[in-house]
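Here is the structure we will look at.
We use all heavy atoms of the structure for the numbers below, so side chains are in, but hydrogens, waters and symmetry mates are not. Lettering follows sequence order; numbering is per chain, from 1.
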Protein chains: 2
Amino acid sequence: MPTKSISTIAGTIAEECIAVRMRILNRAVTRIYDDALRPLGLRVTQMNILVAAGKMGIAHPAPMCRNLRLDGSTLSRNVERMKSKGWLETVSTADGRAQPFQLTRQGKDLLRSAQTPWRRAQKRARALLGDGFIEVLERTVERVRRDAEG
Amino acid sequence: MPTKSISTIAGTIAEECIAVRMRILNRAVTRIYDDALRPLGLRVTQMNILVAAGKMGIAHPAPMCRNLRLDGSTLSRNVERMKSKGWLETVSTADGRAQPFQLTRQGKDLLRSAQTPWRRAQKRARALLGDGFIEVLERTVERVRRDAEG
DNA sequence: CCCTTGTATTTGTATATACAATATCGAGGA
DNA sequence: TCCTCGATATTGTATATACAAATACAAGGG
């Protein structure tokens, strides 16, 4: 007979695991935003790319990935889908390695119309998670971003 | 000229959006656990299913989905993959709608050997996120689970 | 000028995830 | 008994995600 039973091991992990909890909240929050944005045919992931690009003007994949802790191949495919929907377009550049992109007119209009559903989702998320969580979340992301640089 | 420029709108959302932040942390945390478990050919999602099943003895998909806020179709496919790897097996039952499952011997062994890498991942995650975050995270998941019932 | 090395991006492959639609079955009523 | 209703699970389809490998290119050293 082993020292600990399977149900004891499982119980410990279930009670303490940080990843399970992160992922439960992530699914719950993602659902809130996707629901709110669905009438626009837009998902929260895609909205985030619109936002990042809109803030930068001309967006370069590599720094955006570092900032969002997102794999390059993931961004590549997301941008591909968004280009085919007419929301993003490639920008010509001197450096042949780079593939910078920017919002199209249609992409800008979409981002504008996303404001209202986004605000609704923010309210619902805040109500679900509580103010305390939101506050710590912000500080923690700062921290993780600093960690990424160092 | 519209009231707000695109870069202003994008800036506001980028600074305030709860979902972007949740998702950044989720990716970072998932990566930590997947890295730690990779030598076992196991992912954190799959470990969570092993854990949930190991705790329950005989696992029923529907309550597990409610508990984890996971779509039924997602669990169905994850379980399918894990059955084909020999970690899970179907349990026979009277109710023809149900498809309860349990850990195989191999699944139990795998869960046992996951303990050590899991603990390493826990340490790294705690170091990355900070104790304050972990504490609030736990309370918040309790809260979300209560919300799911009501 | 060529070669090597490092960076940026894309492709191949696999998993995770969800919504909509379907299939299956149990339970209760007429 | 049969029929509808509700619950459970699976399938069809699309997106999101990452690792590994390949590709494309720039920059610097002989």
Side-chain angles (χ1 to χ4, degrees), chain A residues 19-20 22-39 41-49 58-66 68-85 87-88 90-101, chain B residues 19-20 22-39 41-49 58-66 68-85 87-88 90-101:
Chain A
V20 198
M22 259 324 281
R23 294 172 65 83
I24 289 172
L25 292 193
N26 187 58
R27 284 191 292 270
V29 168
T30 297
R31 194 153 16 222
I32 291 174
Y33 287 78
D34 279 351
D35 282 351
L37 296 169
R38 186 161 305 122
L42 182 64
R43 298 197 175 195
V44 64
T45 303
Q46 301 170 336
M47 188 199 70
N48 290 340
I49 294 173
I58 292 180
H60 291 262
M64 190 185 286
C65 287
R66 282 190 289 269
L68 297 174
R69 304 216 115 195
L70 188 66
D71 190 83
S73 63
T74 301
L75 181 62
S76 180
R77 260 117 185 187
N78 288 342
V79 167
E80 185 184 15
R81 278 187 281 267
M82 293 171 73
K83 278 179 184 166
S84 74
K85 287 174 198 273
W87 301 338
L88 298 177
T90 303
V91 176
S92 67
T93 174
D95 186 337
R97 289 169 299 185
Q99 282 293 88
F101 58 88
Chain B
V20 198
M22 250 340 267
R23 294 170 66 81
I24 288 172
L25 291 192
N26 186 59
R27 284 191 294 269
V29 168
T30 297
R31 193 151 18 218
I32 290 174
Y33 287 78
D34 279 350
D35 283 351
L37 296 169
R38 187 161 304 123
L42 183 65
R43 298 199 175 192
V44 65
T45 303
Q46 301 170 335
M47 188 198 71
N48 291 340
I49 294 173
I58 293 180
H60 290 262
M64 191 185 286
C65 286
R66 282 190 289 268
L68 297 174
R69 305 217 113 191
L70 188 65
D71 191 83
S73 63
T74 301
L75 180 62
S76 179
R77 259 114 187 192
N78 289 342
V79 167
E80 185 184 17
R81 278 187 280 268
M82 293 172 73
K83 278 180 184 166
S84 74
K85 287 174 197 275
W87 301 338
L88 298 177
T90 303
V91 176
S92 68
T93 176
D95 187 336
R97 289 168 301 184
Q99 282 292 88
F101 58 88

Distance, rounded to the nearest Å, where B:Glu80 contributes CD and D:dT11 contributes P = 7 Å
inquiry  = Treating primed atoms plus P, OP1 and OP2 as sugar-phosphate and everything else as base, which nucleotides of nucleotides 17-25 of chain D get B, S or - for protein heavy atoms under 4.0 Å?
reply    = BBB----BB
key: Those residues that, when tested against B:Ser73, pass side-chain contact (heavy atoms from CB on, under 4.5 Å) (two or more places apart)   = B:Asp71, B:Arg77
Phosphate contact (C:dT24 OP1 or OP2) by B:Gln99 side-chain N/O below 4.0 Å = no
Side chain of B:Lys85 - closest among D:dA16, D:dA9, C:dT15 = C:dT15
Contacts of type side-chain contact (heavy atoms from CB on, under 4.5 Å), residue B:Arg38, not counting sequence neighbours = B:Asp34, B:Asp35
task = To the nearest 0.5 Å, tell me how far B:Met22 CE sits from A:Asn26 CG.
result = 5.0 Å
query = Which value, rounded to the nearest 0.5 Å, describes the distance between B:Leu70 atom CG and B:Met64 atom CE?
reply = 9.5 Å
key: Bend angle of the helix from C:dC1-D:dG30 to C:dA30-D:dT1, end axes from five pairs each (to 10°)   = 10°
task = First locate atom CG of B:Leu42, then atom NZ of B:Lys85, and finally report the distance between them rounded to the nearest 0.5 Å.
result = 9.0 Å
key: Straight-line distance of A:Lys83 NZ to A:Gln99 CD, nearest 0.5 Å   = 5.5 Å
query = Starting at CG of B:Leu75 and ending at C1' of C:dC19, how long is that distance when rounded to a whole Å?
reply = 16 Å
remark   = The side-chain contact (heavy atoms from CB on, under 4.5 Å) partners of B:Pro100 (sequence neighbours excluded) come to B:Ile58, B:His60, B:Val91, B:Thr93, B:Ala98
message = Measure NE2/A:His60 against C1'/C:dT7 and give the value in whole Å, please.
response = 14 Å
request  = Could you please name the option among D:dT10, D:dT15, C:dT9 that lies closest to any side-chain atom of B:Ser76?
outcome  = D:dT10
request  = Take the protein atom CG of B:Leu42 and the nucleotide atom P of C:dA14, then report the distance between them rounded to whole Å.
outcome  = 18 Å
message = So, does B:Arg66 get its side chain near the phosphate of D:dT8, meaning an N or O under 4.0 Å from OP1 or OP2?
response = yes
ask   = Can any side-chain N or O of B:Ser76 pair as donor or acceptor with the backbone N or O of B:Gly72 at less than 3.5 Å?
value = no
task = Using the salt bridge (charged side-chain N to carboxylate O under 4.0 Å, His left out) rule, collect all pairs that involve residues 22-32 of chain B, keeping only residues at least two apart or in two chains.
result = none
